[in-house]
Amino acid sequence: MNLPPQDDFFAAPDAPVAAVDATGLLKNLNPEQYAAVTAPAEPCLILAGAGSGKTRVLTTRIAWLMQTGQVTPAGVMAVTFTNKASKEMLTRLTAMLPVNVRGMWIGTFHGLCNRFLRAHWKLAGLPQGFQILDSADTVSAIKRVIRAMKLDEERFVPKQVGWFIAGAKEDAKRPGDIEPIDEQTKTLIAIYQAYEDQCQREGVVDFAELMLRSYELMKGNLAIREHYQRRFQHLLVDEFQDTNKLQYAWLKMFAPPGRGQGVIAVGDDDQSIYAFRGARVGNMADFEREYRVKKVIKLEQNYRSFSNILDSANELISRNSKRLGKTLRTDAGPGEPVRVYEAASDFAEAQWLIEEAQALHRQGVDRKEIAVLYRSNAQSRVIESALFNAGIPYRVYGGLRFFERAEVKHALSYLRLLENANDDTSFLRVVNFPTRGIGARAIELLQDAARVSGRSLYQSVGAVTGKAGSNLQAFTQLIDSTRNLTQGLTLREIIEQILEISGLSEFYRNDKDGADRLENLGELINAAEAFVTQEGFGKDAVALPVDELAPGAISDGFPVAVAPANFTPDAETGEIMSPLAAFLTHASLEAGDNQAQAGQDAVQLMTVHSSKGLEFDAVFITGLEEGLFPHENSASDADGLEEERRLMYVAITRARQRLYLCFSQTRMLHGQTRYNVKSRFFDELPESALKWLTPPRQAFGSGFAKEYQSAWERGSGLKSMVGAGRVNHDKAAWAEPAVPAAMKKKEDAEHGGLKVGKGVFHTKFGEGVLLTLEGSGADARAQVNFGRHGMKWLALSVAKLTPIDA
DNA sequence: AATGCGATACTTTTT
DNA sequence: GTATCGCATT
């Protein structure tokens, strides 16, 4: 079995292996980076610290390999987790080396799986035009299964069943491979089986299925396996600490240990923050062992932050026990201290940080270079409203992405039905949207008919009689006629047609709040247009002849052919997709931007998780309180706490010049005020790198304003960043602890100097916050939040509680 | 078929 | 506090 004649399609690398670095690729690399870039073609583990030039190393490595003739573009596979990362890699690579990007396997795990399955759809047991379910689609598909099985949705919550199924798939387990240990599991397995049947019937796959199908095909087919193992001489995996069990197993199919390929795993165990979704940091150690890695390269030189910031990160993460071991260093000097601020309330915290941010902005820091990080999304509300009231532009990461918007999903569902009418998920989404007289009853009848015959809803429409039946038939006719009508049209025209014919555009035109949605539909057309251009589905594009492949060669999606606008996919090889099918795939695999008002100079708000991989001049880490960060759900077990610490490590290392840590005495959470203790992480940071803007462990008093003012002036050391600034403080915002009226009464209660809402000290539990005082005399009891020691009820006649802060 | 009400939960998230 | 969801009413 031979490789396809690659050289016809790609310029052969011209430089001999021994060529000197003519284009200066290796210039300005530090010794470790240099070692990583020029490492021999064998397994290699790179421990890449935050800000150590990891992406540069990866891309330079690929460029170097090609420039020195060690590999052709077709021989490289580079895997990332996010589309953003793979795009970044491609952009940087093409900037270094003029290379035909099309033949390279650079992409996300799921993107590459998709590519693989498109080429081998038949062997993988999939229909040629299979479509991909996003997580919302997956949950609703599971919900349909549970309903069809007449199971209790309270007991089998679709979302949780989804986790079960995804978890099983990530363990490479099919329904038959799972031990039916109890009744519950037995039913879950039955749901899994029914869901799988349903997906197969509808010709759809979920994200986990993309991985598992590819893995199974590789595992079960020697010819395919050998072909790809021979083809890819060099594999590079980014963010290796985030890989799950299946992804690692998948990788081993493409490059098994001992096969002699160059496999480079790049990761940072200290930045592993996705254990909750199946990531196994342990894969790094397993890789080192299983691939007999001779030398682990550590990238510890940091090019991002000053040493006060780095020292804080290092000191904090040194408390973790399970580490591969790595310490970041910098030549940048100490820089400014890490500033710590204690606020009376979440409101005051927000108020303070926007004033600080404004001061930074006045001193010339771009707003987009200021990030506000928080542990959980709920925390963004207060900050957002403070920013809004102050009229400061801001941008919140997270939330709905473009392709997840309802109107966009509706449009995509119509488009999917054009491709594959048996896609029941899409069918159900739009069969009665806009409404066309097909109610719940009609759908129920249709679903029964489909179930009995084992066919799709679309195929079962004829089985429903009466008015409901004719309405259903009108719908399928609408789909059929549009499919005929749009033959040979460009993607843009197809979308324009379906938006009108379906009545979607009409619906939103008549809806008084439909303007935004209409605009998004227009945006969808733009996205399609951009996609067509980018992918080269242009008018002049030519489908490369597939039959030119060497006889008996495995068609592996290489060469990737470019299809003209109205190209019909080849039924035999399947490696050429219609622009519509390709666009639908693109839409499922890449949910699009989730940031509002991109491009504007706005303060950046995001969770710590979504800040990973980003960097900013100034970073605020907010809500550093026990129970919040570290989060109470994670702090109980050692592994959970270590992950929280890594999360904090990630947060700290986002900052280039200025880092602020802040916390609040009180916070509104789940509709009630909580009294919090400062995060234990403060005890794990080097005292010398910190500057407390508020005196530690001291109550807010009248002398405080002055104290803070001078702290600000003293702290403005870096002239390049911030000169001597004067902050205009709204006293009311912080001078008074913001205790809600309802709490006021309680606060008046007093027992030997103890006050509700104030700090107390216990010899065993340490510092805490007094929440409630009840009873009197010998019965007097107090509820105290001791943070890491939890919430305690104490009998005052026994417990020694002393007030702190007086 | 659309609106409304009460019950419920609520860490982190990419593909 | 608020967003989402299922169910019931109009």
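As the structure is a prediction and not an experimental result, all values here were calculated from the model.
Look at CZ on A:Phe276: it is 13 Å from C1' on B:dT15, rounded to the nearest Å. A straight line from CZ of A:Arg401 to P of B:dT15 spans 6 Å, rounded to a whole angstrom. Atom P of nucleotide B:dC10 and atom CD of A:Gln672 are separated by 16 Å, given to the nearest angstrom. Distance, A:Arg277 CZ to B:dT15 P: 9 Å, rounded to whole Å. At whole-Å resolution of the value, CD in A:Glu625 and C1' in B:dT11 are 15 Å apart. Here B:dA2 presents its P atom at 9 Å from CZ of A:Phe433, a figure rounded to the nearest Å. Separating the CD atom of A:Glu239 from the P atom of B:dT13 is a distance of 15 Å, rounded to the nearest angstrom. Separating the CG atom of A:Leu210 from the P atom of B:dT14 is a distance of 17 Å, rounded to the nearest angstrom.
Looking at which nucleotide of DNA chain B each of A:Thr435 and A:Asn633 is closest to, the 5′-most match is held by A:Thr435. Heavy-atom nearest nucleotides on DNA chain B were determined for A:Ile438 and for A:Phe81, and the one closer to the 5' end corresponds to A:Ile438.
Protein chain A contacts DNA chain C over a range whose 5' and 3' limits, counting nucleotides with an atom under 4.0 angstrom from a non-hydrogen atom, are C:dG1 to C:dG6.
Within the 4.0 angstrom heavy-atom criterion, only backbone atoms of the sugar-phosphate kind lie near A:Asn377; the bases stay farther away. Among the atoms of the strands shown, only primed sugar atoms or phosphate atoms (P, OP1, OP2) are found under 4.0 Å from some heavy atom of A:Asn432. Within the nucleic acid shown, A:Lys143 comes within 4.0 Å of sugar-phosphate atoms alone, with no base atom in reach, counting heavy atoms only. Base contact: A:Ser634 has a heavy atom under 4.0 Å from a base atom. Residue A:Asp206 is out of contact with every strand shown, counting any heavy-atom pair closer than 4.0 Å. Using a 4.0 Å heavy-atom criterion, one finds that A:Phe109 contacts no nucleic acid atom at all.
With A:Asp134 as the fixed residue, the salt bridge (charged side-chain N to carboxylate O under 4.0 Å, His left out) test singles out one of A:Arg401, A:Lys409, A:Arg416: A:Lys409. Shown are A:Lys612, A:Arg323, A:Arg646; of these, the salt bridge (charged side-chain N to carboxylate O under 4.0 Å, His left out) with A:Asp270 is made only by A:Arg323.
Side-chain contact of A:Gln271 with A:Tyr649: a donor-acceptor pair under 3.5 Å is absent, judged by distance alone.
Both the sub-6.0 Å distance and the 45° axial angle are satisfied by A:Lys252 relative to the ring of A:Tyr248.
Judged by distance alone, with hydrogens and angles left aside, A:Ser135 brings a side-chain donor or acceptor within reach of the base of B:dT15, the pair sitting under 3.5 Å.
Between A:Tyr508 and A:Phe433, the ring planes lie tilted relative to each other; the angle falls in the 30° to 60° range. The aromatic rings of A:Phe254 and A:Trp105 lie tilted to each other, with the angle between the two planes from 30° to 60°.
Closest non-hydrogen pair, A:Phe629 versus A:Gly623, comes out as CB-O, 3.7 Å.
The phosphate of B:dT12 (OP1 or OP2) has no side-chain N or O of A:Ser610 nearer than 4.0 angstrom.
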